[in-house]
Structure formats: C-alpha cells, structure tokens
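Counting from 1, the numbers follow the sequence of the chain as shown. Side-chain atoms are counted along with the backbone in the values below, which use heavy atoms only and exclude waters and symmetry mates.
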Amino acid sequence: QSPSPGSCTPPPCLCCSATCLACRCCPHSKNSIVTRVIYAFILLIGTIISCIMLSPGVEQQLKRIPGFCEGGAGSSIPGVAVHVQCETFVGYKAVYRVCFAMSVCFLAFSLITINVRNSRDPRAALHNSFWFFKIAFIIGVTVGAFYIPEGPFTRTWFIVGTCGAFFFILIQLVLLVDFAHSWNESWVDKMESGNSKVWYGALLCVMGLNYALSLTAIVLMYHFYTRPEECALNKFFISFNMLLCIGASVISMLSKVQDSQPRSGLLQSSVITLYTMYLTWSAMTNEPDRTCNPSLLSIFQQIAEPTLAPVENQTSWWDAQSVVGLAIFVLCILYSSIRSSSTSQVNKLILVSKDKVIIEDSSPGSSSEVEDGSGPKRVTDNEKEFVQYNYSFFHFMLFLASLYIMMTLTNWYSPDADYSDMGSKWPAVWVKISSSWVCLTIYVWTLIAPVIFPNRDFA
C-alpha cells in the first residue's frame with residue numbers, strides 16, 4: 001500500500017510509486033499520466049546529458065577515461081591509419097554511449113512489462129514504483145557503457161540507431177495525426193455548440209498557416225538546395241513530395257471519405273504536409289554533396305551578401321534540422337505522456353483495446369481516493385481493472401526515441417569503416433526520405449481504408 005501524501009519524504013518517494021513522487025507538487029492527477037511524465041522526464045534528462053557531451057569543455061574530461069580516446073579516433077583495425085582527431089570524434093562516441101545506455105534500459109523495461117493487464121500485476125509495481133533503483137540502474141549502465149571497447153561498437157550501433165530512428169519517425173507521424181485529429185474534433189465540437197464563426201475562422205487560420213509554411217518551405221528548398229544544371233535528386237524529392245501532399249489533401253476532401261469519416265479534413269492534411277516538408281528538408285541536409293547541401297551559414301551569407309564567395313562548409317555539432325528535430329521530439333514525447341486519445345486506430349497501437357473500458361468512480365469517499373488529515377490523495381490509481389496504456393509499447397517507444405536522439409544529436413553522421421572521416425552519408429538521406437513516403441502512405445490509408453472496406457470497423 002502506498003504511503004499517504006503527508007508521510008512522503010525524499011528517500012521513500014524515490015522507492016515507492018508515482019503517487020508518492022507527485023506528493024503535493026502537482027495538481028490532482030492519475031497514476032497512469034504521472035508515471036509516463038516521469039519516464040519522459042528521465043529521457044529528457046538523458047537528452048540534456050547527451051547535449052552536454054558535445055560541448056567543447058567536456059572532451060578534456062572524456063579523454064581521461066582509459067581507452068576511450070587513444071590514437072585519434074581509437075580505431076582498433078590493425079594497419080589502418082587514423083586521421084580524425086579525438087576532439088572531433090569523442091563527442092559522438094560519448095553521445096552513442098549515453099543513448100546506448102538509455103535504449104538498453106528502456107528495452108529491458110519493455111520486455112519485462114509485456115502483457116501487463118492491470119496495476120495488480122507484480123510487474124506493474126516495477127513499472128510504477130522503485131524509482132530510486134531504476135534511476136540507479138540507468139546511471140550504472142551509462143557509466144559502464146563508457147568502458148565498452150571501441151571495436152565495431154560505434155558502427156554497429158549506428159546501424160541499429162538508423163533503423164530505430166526510422167521507426168520513431170513513423171511513430172511521430174502517428175502522434176502528429178492523432179494530435180491534429182483531436183485538435184480538429186475539439187474545435188469542430190466548439191464550432192457546433194458555440195460561436196461557430198469564431199471557431200470556423202480559427203480552424204481556417206491554422207490550416208492556412210500550415211499550408212503557407214509548407215509552400216514557403218518548398219520555395220526555399222528549390223532556391224537553396226537546387227542548382228539549374230545540378231541537384232536533380234533534390235528537385236525530384238521536393239517535386240514528388242509536393243505532389244504526394246497535394247494528392248493526400250485532395251483525398252481527405254473527397255465526398256466518400258467525408259461520408260465515412262466526417263471529422264477528417266484539411267487540418268490533418270496540413271499538419272502532414274508540413275511534417276513531410278520537414279522530412280524532405282531534413283533528408284537533403286544529410287547529403288554529402290555540399291553543392292546541393294549548403295551549410296546554414298552559407299545560406300545566411302547568400303541572403304545577406306549575395307556577391308561574396310561562399311564560405312567553406314564545415315561540420316558542426318549543431319545545425320537547424322537537428323534543432324527542429326529535437327523540438328518535434330520533445331513535443332511528441334510530452335504529448336505521448338499526457339495524451340488521452342479518442343482515435344481507436346491510435347489506441348490499438350499505443351493504448352489498450354477499446355473493449356477494455358474503464359469505469360472510474362470519482363465520487364467522494366470512493367476507493368480511488370485515499371484521504372488523510374489534509375484531504376484526498378492528489379494522484380489516484382486508475383489502473384486497478386485495466387491499464388490505461390500499453391506499458392511494453394510505451395517503453396519500446398522510448399527505446400526508439402533514444403536511438404532517434406542519438407542520430408539527431410550526431411547529425412546522422414557516421415564514421416567510415418576506417419574511421420578516417422565523419423560525414424553525412426546517403427543511407428541517412430534515404431532513411432529520411434523513405435520515411436516521408438511511408439508516412440504519407442499510412443495517412444492516405446487511414447483515409448481510404450473505411451471506403452474500401454466498409455464492413456470493417458475503423459472508427
């Protein structure tokens with residue numbers, strides 16, 4: 001039995017449930033939400049630590065780790081000359097190890113919590129409690145990861161990270177579509193029950209803004225990432241994805257689609273279009289051909305002083321697409337932690353089945369609220385009958401998110417087989433551009449599936 005809020009002190013709070021961790025620091029909430037927020041916070045702390053590993057001052061401390069930075073990049077291949085200085089490579093190695101530790105821990109949690117049905121399952125206590133030991137476990141794995149011999153570790157984990165990041169991009173799409181659907185549903189309800197003109201105008205403004213930003217992105221990409229006689233592949237990426245987005249928007253407004261899904265519309269399509277344009281731009285920023293992939297500094301120079309010779313492109317720890325990618329990542333993780341979707345397609349993927357309906361008794365004096373001398377407990381256990389979300393999949397999503405962070409912070413750069421170069425690679429380009437095509441395919445399928453199979457339940 002969880003201790004009462006009044007008895008919470010720091011050590012017990014770290015050892016017991018999310019109920020105690022919340023104590024009086026948050027408003028009345030549910031255990032399922034608080035637990036997800038804490039895990040998201042742990043992931044964000046790991047992300048911040050990874051960012052710190054890329055700062056110039058940390059490299060001097062990392063060099064003190066035995067074997068972590070010996071002989072330049074630390075190649076263990078006999079007879080291979082290493083040309084990359086430790087200062088260039090050590091930041092990436094550190095990020096790889098921090099994210100490796102987070103991903104391994106979340107994957108372990110995912111395997112442990114497979115098929116947890118309710119909070120009475122002993123494994124649910126491991127998921128919702130024992131925070132001190134779980135945090136200590138993550139810290140221990142992180143410290144140990146820095147002593148992993150280099151060997152093939154970095155290159156192997158680059159391949160794993162590329163695959164994991166690809167699938168996390170798809171999960172981001174699912175969350176963005178769900179967010180747009182919930183947003184559209186909320187405003188349409190207000191439009192039907194209140195001042196219809198105000199909410200209809202707001203809906204049009206947001207939709208128009210998304211399409212305007214997408215159009216602006218297309219124009220800028222054509223201007224900066226193509227050349228009249230070169231960059232044919234970039235021209236194809238931009239044009240093809242633009243046509244796909246137009247097609248998806250038209251499909252969302254077809255009468256048969258509207259009949260089967262009255263709440264679908266251009267708001268969702270505008271969000272998908274903007275996200276697709278981001279993926280297209282992000283893919284082009286990973287091209288190794290600097291003629292078709294100018295640096296951000298070079299772009300700013302072209303805008304400010306077009307007559308000056310272009311500055312030499314240099315690899316930097318940060319670029320614009322990494323910052324945007326991190327922003328989208330943070331928003332998606334936070335949304336997945338507090339979300340309560342009414343979209344059953346999303347529920348089947350992330351939450352429990354819609355057949356597991358939970359009836360919550362929130363009346364005064366119910367068992368879901370434990371009172372002490374100062375009032376009811378601020379966090380209630382709303383998973384005594386059925387869990388509110390799939391524990392295992394939630395941890396698996398954080399596992400993929402850790403890999404996505406690893407690839408984003410290192411700008412999807414990978415070392416050559418001889419560790420002689422750290423540069424953008426074509427596999428990263430194709431991973432991102434193919435994910436944009438898969439994202440659009442998934443979205444269009446959610447629109448046309450109820451029309452093609454009218455007898456199946458897609459609601």
Side-chain angles (χ1 to χ4, degrees), residues 1-5 7-8 11-23 26 28-43 102-138 140-141 171 174-175 333 336-342 344-363 366-371 376-402:
Q1 182 177 0
S2 299
S4 63
S7 65
C8 282
C13 281
L14 289 175
C15 297
C16 62
S17 66
T19 299
C20 185
L21 272 179
C23 289
C26 62
H28 183 89
S29 54
K30 298 173 182 178
N31 190 55
S32 60
I33 294 178
V34 174
T35 298
R36 281 181 287 177
V37 170
I38 295 174
Y39 279 116
F41 182 74
I42 293 174
L43 180 62
M102 289 196 300
S103 60
V104 166
C105 292
F106 285 125
L107 181 61
F109 295 152
S110 176
L111 296 176
I112 292 173
T113 55
I114 290 177
N115 206 31
V116 173
R117 299 293 185 182
N118 52 56
S119 61
R120 295 192 298 270
D121 190 310
R123 293 173 297 164
L126 180 62
H127 172 76
N128 295 306
S129 310
F130 303 106
W131 295 104
F132 174 81
F133 299 104
K134 286 187 289 190
I135 294 174
F137 172 65
I138 295 174
V141 175
I171 291 177
V174 173
L175 294 173
I333 289 297
S336 68
S337 300
I338 63 176
R339 64 183 297 281
S340 179
S341 176
S342 60
S344 64
Q345 293 101 323
V346 180
N347 290 340
K348 291 174 182 177
L349 176 64
I350 300 178
L351 301 180
V352 295
S353 172
K354 66 179 181 179
D355 297 328
K356 298 177 181 178
V357 180
I358 300 176
I359 302 176
E360 297 182 3
D361 183 7
S362 58
S363 59
S366 65
S367 59
S368 62
E369 294 186 351
V370 180
E371 297 188 0
K377 187 165 64 176
R378 289 177 179 267
V379 182
T380 59
D381 182 5
N382 60 328
E383 299 181 305
K384 293 180 178 179
E385 298 300 327
F386 298 104
V387 294
Q388 294 289 303
Y389 60 100
N390 189 317
Y391 288 0
S392 181
F393 184 84
F394 178 74
H395 284 297
F396 187 73
M397 183 183 70
L398 296 183
F399 160 73
L400 297 179
S402 302

Handout entry: Contact summary for Ser402 and Met102, nearest pair of heavy atoms
Key = OG-CB, 3.7 Å

Fill in the blank from the handout: Rounded to the nearest 0.5 angstrom, the CD1-SG distance for Ile135 and Cys105 is 11.5 Å

Problem - Pairwise distance CG(Leu400) to NE2(His395) - rounded to 0.5 angstrom - result: 13.5 Å

Handout entry: Within-4.5 Å side-chain heavy-atom neighbours: Tyr39 and Lys134
Key = yes

Problem - Asp121 side-chain N/O to Arg117 backbone N/O, donor-acceptor pair under 3.5 Å - result: no

Exercise for the section: State the CG-OG distance between Leu398 and Ser103, to the nearest 0.5 angstrom. Expected result: 11.0 Å

Handout entry: Atom pair CG (Leu111) and CZ (Arg123), whose distance is rounded to the nearest 0.5 Å
Key = 11.0 Å

Exercise for the section: Look at the aromatic rings of Tyr391 and His127 and report parallel, tilted or perpendicular, splitting at 30° and 60°. Expected result: parallel

Exercise for the section: Taking the side chain as every heavy atom from C-beta outward, state whether Leu43 and Phe106 have any pair of such atoms under 4.5 Å apart. Expected result: yes

Practice task
Would you please indicate if the ring centroids of Phe396 and Phe394 are separated by under 6.0 Å?
Solution key: no

Fill in the blank from the handout: Only residue of Asn115, Thr113, Ile112 satisfying side chain to side chain contact (heavy atoms under 4.5 Å, CB included) with Ser392 is Thr113

